[in-house]
Every structure is written in C-alpha cells, then in structure tokens.
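Everything numeric here is computed off the predicted structure, so don't read it as measured data.
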Amino acid sequence: MSSSQIALLGAIAGFTIYLGLPIGRLQNPAPRLRAGLNAVAIGILIFLIWDVLSAAWEPTDAALSDHHWGTAFTGGAVLAAGLALGLAGLVYWDRFIARRKAPALSAGPGAAAASELAARPTRSTAGSLALMIATGIGLHNFAEGLAIGNSAATGEISLAVLLIIGFGLHNATEGFGIVAPLAAEGERPSWGTLALLGLIGGGPTCVGTLVGQHLVNDDLSIAFLGLAAGSILYVVIELLAVARRAALKELTTWMILLGLLLGFATDGVVTAAGV
C-alpha cells in the first residue's frame, strides 16, 4: 500500500468526526436535552483524557520497566510540559481574551459587575468551548495519525489499517463532544461552522499520518498527547460549570456515565479488532 493510500485512509479515519457534528444543528432543544447532551460530552471527554494519558505514559512506563532512566525522565518531562501548556496555557489565554472583551462599565447605581457578566453563559462562550474541544481533539488526532504513519513506515500495514478503523470509530463519537456546548446553550451553528470545527478536529489525523510515515519519534507523539490531554481537561472543567448551572444532578450523573460507557465501547471494538 502506497504512502498516499495510507494518508487517504488516515484522512477518512479523521473525518468520521463529521458523523457526530450535525447534532449541533438541533433547533431549540429542551433544557433537559441540553443538559443531557452536555453531560454525555463530559463523559466522552473524560474517557478521552484517560485514553490519551494512557498512550502518552506508555513509552515512559516501558522505559522505567527496562531501567532506561534517561529515556523515562525525558518522556515524563515532555508529558508534564505538554500537560501544563495545554491546561494552564488555556487558562491564561482565556483570561487574556476575557480582559480584552470586558466592556467598560459605569460605577453608578445598578451597574453590573464585570464578574457577573462573565458568569453568564453567552453564545461566544459556547463557540469558544466548541473551538477548544475541536483543537484538543485535533492535537489528539494528530498523535493518532503519527501512530498510523509510524506503523506504515515500519512495514506493519495490517496494523496501520486496523488503527485507521479503530480511530475512525472513535472519532465518530468525538464529533458529538465538540458541538455539545453549542447545544447546551441553545446556539445553532451554521453548516460552515460545523465544517470548520470538523476540519480542526479531524484534519490533523491526515497530517499526522503523513508526518508519521517520515518521522518516528516517541517524544513528539508524547508532546502532542500531553497537549491534547491538558486542553481537553480544561474543557471538561468548563463543561462541568455548565452542568452545575443546569441544576439537574441526577440526569447529569447518568448521562456522564453514558458518555464514559460509549467511550469504552468504541475502545472495546478497537481491542476486539486486534489492535
């Protein structure tokens, strides 16, 4: 199988993310449906954090088992740096953007405090969350593309194909996670917006596949997985705040569990396929 064919299959695996995106076009979903969609997305993303960190830690864990202390230290340091940049970096970036957008408020009687306005969910906030989720998933999918490309580069074509099938199934659920904040806030994105979010989230799989066929580097893969885990964790924290505002604790609990189970189910399909 040629490198261009592997890259094409990698692109297909990435763009299955579009299967879940149309859910964001639901018109005026009921409050309970909004809360449920938000909670399912939280569950999927929590699973994704576990999945990403497991893959990122595996090379370091193997190096520790073999007493390769230098390799283990490097891998651990790269993972820690990626996590810090993905999580704390988004916190400071979000604060920077909020300060730039903060309106000049009068100090007279009845004037709203900036903190009160910031606490209210807005369309721009929901759109920013969706973009952050797409970016975090894109980083994750780039690392998945590296794994596909690396397998092809080392002659393990059957493994590369199985990875493509497995990641394609996985990505179908990730599209739903991207649009959940929009559905939770009642914002109906345009088809163009969905196309862009899908490109950000799924496109890096193809790019990673191309890069991975020419560059086999564990540290690079760990760095992107760490960035992905940190950014997705930040988004989960934000979505939990949305869930708390909905004040539907029982529904939220069960839907988060459903999201987790969906994540494990798709991963189980990959394992059953022999990956």
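Taking the side chain to side chain contact (heavy atoms under 4.5 Å, CB included) definition, one finds that A72 meets it with T60, A63, L64, sequence neighbours left out. Shown here are the ring pair (Phe, Tyr, Trp, His ring centres under 6.0 Å) partners of W254, two or more places apart in sequence or in another chain: there are none.
Note that the CG atom of L261 and the CZ atom of F47 stand 10.5 Å from one another [nearest 0.5 Å]. Between the CG atom of L240 and the CD1 atom of I46 there is a distance of 6.5 Å, given to the nearest 0.5 Å. If you take CG on L194 and CG on L21, they are separated by 5.5 Å, rounding to the nearest 0.5 Å. To the nearest 0.5 Å, the span separating CG on L83 from CG on L233 amounts to 8.0 Å. The structure places OG1 of T205 at 10.5 Å from CD1 of I137, a figure rounded to the nearest 0.5 Å. L87 CG to Y92 OH: the interatomic distance, rounded to the nearest 0.5 Å, is 10.0 Å.
Across V78 and D219, no two heavy atoms sit closer than the pair CG1-O, 3.6 Å. Residues L251 and A35 come closest through the heavy atom pair CD2-CB, 4.2 Å. Across A39 and M255, no two heavy atoms sit closer than the pair CB-CB, 3.4 Å.
Judged by distance alone, with hydrogens and angles left aside, the side-chain atoms of Y234 form no donor-acceptor pair with the main-chain N or O of A88 at under 3.5 Å.
In this structure, L199 and Y18 have side chains that are in contact, with non-hydrogen atoms separated by less than 4.5 Å.
Between S190 and T193, the side chains place a donor N or O and an acceptor N or O closer than 3.5 Å (distance only, hydrogens not considered).
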(message) Evaluate L53 against L79 for side-chain contact (heavy atoms from CB on, under 4.5 Å), listing each step before the verdict.
(response) CA-CA 9 Å; L53 288 178; L79 176 56; 4.3 Å; yes

